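In what follows, a structure is listed as structure tokens, so that the remarks can point back to it.
What you see below is based on every heavy atom in this structure, not just the backbone, and it leaves out hydrogens, waters and symmetry mates. In this text the structure is predicted, and so the values were computed from the model without any measurement. In the text below, chain A, chain B and the rest are named by the order of the sequence lines, each starting its count at 1.
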4 protein chains.
Amino acid sequence: MARPAVKKGRMEAAAIELFATQGLARTTVRDIAAAAGVGEGALYRHWAGKNEMASTLFRREVHAFVEALRPFLEDAGPPLARRVDAAVRFIYDFYEAQPTRLAFILFTQHGFPDQHVLDDALDPFTMLLAFCQREMRNGTIPPADAEVLASLVMGSVLQPLIMHRYGRVARPPAAIAADVAAGITALLLGGTAREVGA
Amino acid sequence: MARPAVKKGRMEAAAIELFATQGLARTTVRDIAAAAGVGEGALYRHWAGKNEMASTLFRREVHAFVEALRPFLEDAGPPLARRVDAAVRFIYDFYEAQPTRLAFILFTQHGFPDQHVLDDALDPFTMLLAFCQREMRNGTIPPADAEVLASLVMGSVLQPLIMHRYGRVARPPAAIAADVAAGITALLLGGTAREVGA
Amino acid sequence: MARPAVKKGRMEAAAIELFATQGLARTTVRDIAAAAGVGEGALYRHWAGKNEMASTLFRREVHAFVEALRPFLEDAGPPLARRVDAAVRFIYDFYEAQPTRLAFILFTQHGFPDQHVLDDALDPFTMLLAFCQREMRNGTIPPADAEVLASLVMGSVLQPLIMHRYGRVARPPAAIAADVAAGITALLLGGTAREVGA
Amino acid sequence: MARPAVKKGRMEAAAIELFATQGLARTTVRDIAAAAGVGEGALYRHWAGKNEMASTLFRREVHAFVEALRPFLEDAGPPLARRVDAAVRFIYDFYEAQPTRLAFILFTQHGFPDQHVLDDALDPFTMLLAFCQREMRNGTIPPADAEVLASLVMGSVLQPLIMHRYGRVARPPAAIAADVAAGITALLLGGTAREVGA
DNA sequence: CATGAATGAGCCTTCATTCAT
DNA sequence: GATGAATGAAGGCTCATTCAT
């Protein structure tokens, strides 16, 4: 192709920005086109429609994010705490560098018309689940319901970002990453062992 | 006296169900009316419009939930682990008893046109924050950034419910409550103390 | 009937006020009921519906007005100028005493769904036409196209009231009645005699 | 370039026709679209909504009419009677040529939600007022309350057209223009001088 | 009888999508 | 290829009217 699709990139950036900020339903095709400095019809040259564009972008962004995160979770070398810290730090730095890109990943899922936008293969939760199962097998963390544990970890990673975005956590993500990582490590180690009756 | 407003309750139930299931934007007034077995105009006798109905219901549900949860967080008697367990158990039982009611609380917030549907007074996060600060003052848990800690706890409570709703956590909420509570206790106790560099 | 229909009167007054002020289409049944301090259903006890109420009131008001005005136009005694003056003065005093009542008559006609709310018998224009024809027969005013002449007179009576209502004529109706009457007399006497080519 | 907005003109014509015939409130967007042979949404590409369309068209039509009429009222050359005759003739010819266009101007004003659709600059009454004041200064007509006189003239011009439209004046406007002009001249000359007490 | 809850047709408007230019 | 005028199916909402209480 002679000309690179420079407008496509502008539309993608504009769409991600708007989807992350206002949600899928409240972002119109005209909004996207205007923000990208492009005609309304241009969208249909690259995507089948607004929803298809959104889910394509969503899948792509999630995939890129998951792949970037994978090494942190699969590297078995350093001690657990250090690996968790590196992973959380990566995520929170990613957020600071491109807030709307991660916000798009965080906030958009609920809004899709069809339930299963992501196949399990590139789902962050799947990766997190595999991580937990592996660590249990390795004896790094005590045995537990991996699904529950992965959920706890996931919630612990995301919620501080969400609360920051809502202005309820004052310190910036990069500054709290270490705290969050420490908490998650405690979760993984002390985990779901039942000591309630103590 | 005129006819009693017998259909208001039916609309509330139908609306909560639909908002929780499909989100605000994708639930139409017609949907609500049909699900409630009511004419479309009936909504406007009791609320100013769809959005006002949603935020009124949302505030009411959150308020009821927060007030029901408060005793569990304010009671200072039993040891921490036991109190956390009771609180989580309450929440997860609540979910099993009325899934859509809690799902409505969980999923709806992002979708509101105006940012601040809740005043801080009846915000669950505010209550959780106060809980963390109190426990730190009492020396029950080690000092830490309370906002971050409250976020971690909140995420840990909610995410397992969310993943269950998405079918990614197999066991029912009531069955995993103890595990979740144990994890949160570990979080609170081992907390965000930095032992990463160890 | 035991109780006099006191509420009917309140509804009539409220309706006339609102119709005159906001027009037929923009006045709702609920507006009328609220202004009359009455339930919405009450209207249907006395009239078949909003439109029927409006046209009934309109006919009644026009009829009352026409009948009150009739003596001034049919009395053949005094000189023309004096009779015109008395008639205009009556109309303008009527307006000052009950502005909305006359405004209702003036402004409402265009808004009716069906063209012919009034039968010619109680139409003000019919009466004015008869007046002009009679005066011509009597030789009081020079012969002319009576329909045109009556239109000129009618416009000359109404427009100053309209412009006053729009705030474009500063002096109050009672104060300008004499001027208006003088103008109309000039119209009737000098009339439509063609002196253009002079 | 994109498709040229060929249907805008068709909508304008249809809207003016319908507004003039049935009034603002009783003309629906569907009516306009159907009469123009156009989809309903087309309206919103060119105007913000039905009301904005109506007031824009109204202003435009009034402006065009006022500007076309202005030379007749500002030319100070010929004797008054001749100038009045020319002006009335112009208006009545205008009506015969494009009845709905003038009817739109005549009938629509009352129906607007907001009071001041026109700024005084392009208001016909303002122009008429200036005309009367100028003639008084020039001594062409006797001194009088200009606001009242302008109202009388305005009513005398419009009412015959209104009555014709209602079928109460048989002869067509062009045929009665001379009579109307003669009446108005009498009004201006004999004016509002008080000779009532004679 | 009065009330006002309830109805539902119909209104204005939005917006994803198509397609003439 | 790109544009944006045009479409038309919904959507939220209004309001005259009905009728259970």
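Between Gly39(D) and Pro4(B), it is Gly39(D) whose nearest contact on DNA chain F lies nearer the 5' terminus.
The pairing partner recorded for dA16(F) is dT7(E), the criterion being a Watson-Crick or G-U wobble arrangement whose two distances lie under 3.5 angstrom. dT21(F) and dA2(E) make up a base pair, with Watson-Crick or G-U wobble contacts both under 3.5 Å.
Within a 6.0 Å sphere centred on CZ of Arg60(A), other residues, nucleotides and ligands contribute more than 12 heavy atoms.
The side-chain heavy atoms of Asp123(A) and Val62(A), taken from C-beta on, include no pair separated by under 4.5 Å.
Checking side-chain atoms of Arg59(C) against main-chain N and O of Val117(C) turns up a donor-acceptor pair under 3.5 Å.
In this structure, CG of Leu18(A) is placed 15 Å from C1' of dC15(E), rounded to the nearest angstrom. One atom, CE of Met11(D), and another, P of dA6(F), lie 9 Å apart when rounded to the nearest Å. Between Trp47(A) atom CH2 and dA16(E) atom P there is a gap of 15 Å when expressed in whole angstrom units.
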- Message: Walk along nucleotides 11-17 of chain F from 5' to 3' and tag each nucleotide B, S or - by protein heavy-atom contact under 4.0 Å, base first, then sugar-phosphate.
- Response: SSBBSSB
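The two residues Ala33(C) and Gly39(C) make their nearest non-hydrogen contact at CB-O, 3.7 Å.
Taking the six-membered ring for Trp and the full ring otherwise, Phe112(C) and Phe58(C) have centroids separated by under 6.0 Å.
Screening Arg10(C), Glu12(C), Met11(C) against Lys8(C) for a side chain to side chain contact (heavy atoms under 4.5 Å, CB included) leaves a single residue, Glu12(C).
If you check every strand for non-hydrogen atoms under 4.0 Å, Ala5(B) touches sugar and phosphate atoms only.
Side-chain nitrogen and oxygen atoms of Lys7(C) include at least one within less than 4.0 Å of the OP1 or OP2 phosphate oxygen of dT3(E).
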